[in-house]
Amino acid sequence: MPQTPAPANIGQRAYAAYAESTGGLTHDGRQMPPWEDLGKNVQTAWNVAAYAIWSAAQNGGK
């Protein structure tokens, strides 16, 4: 059975969900910057982390 491709904006969606759950604050209470202001390295990190979680979910948690 073919797997569904990951959403193209998976990292941005994860970042938005994190922001929603924390009231838009970072772990140390500062205001989260907009996605566009994160820089490529941080955006890539969010994309990699979100993809790893999505991939594990697609494979039954493995």
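Numbering of residues begins at 1 and proceeds along the displayed sequence.
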Notebook entry, point to check: Above 12 or not: heavy atoms from other molecules or residues under 6.0 Å from CG of Asp37?
Noted result: yes

Check: Is a side-chain N or O of Gln43 found less than 3.5 angstrom from the main chain of Trp35, in a donor-acceptor match?
Finding: yes

Checklist line | Pro34 side chain reached by Tyr15 side chain, heavy atoms, under 4.5 Å | finding: no

Item checked: Side chain proximity check, Gln12 to Trp46, heavy atoms < 4.5 angstrom ->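 Answer no - side chains too far apart.
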
Note to self: Tell me the closest heavy-atom pair linking Pro7 and Trp54, and the distance in Å.
What the structure shows: CD-NE1, 4.1 Å

Item checked: Exercise: identify the closest heavy-atom pair between Leu38 and Pro33 -> CD2-CG, 3.5 Å

Margin query: Checking Tyr18 against Met32 for the side chain to side chain contact (heavy atoms under 4.5 Å, CB included) test, could you report, in this order, the C-alpha distance in whole Å, the side-chain angles of both residues, the deciding distance, and whether it holds?
Written below: CA-CA 10 Å; Tyr18 179 92; Met32 291 175 65; 3.6 Å; yes

Next item on the list: Measure the OH-CD1 distance between Tyr51 and Ile10 for me, rounded to the nearest 0.5 Å.
Entry: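 Answer for the OH-CD1 pair, Tyr51 versus Ile10, is 8.5 Å.
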
Next item on the list: Would you check, one step at a time, whether the test side chain to side chain contact (heavy atoms under 4.5 Å, CB included) holds for Arg30 with Leu25?
Entry: CA-CA 5 Å; Arg30 293 179 291 137; Leu25 300 177; over 6 Å; no

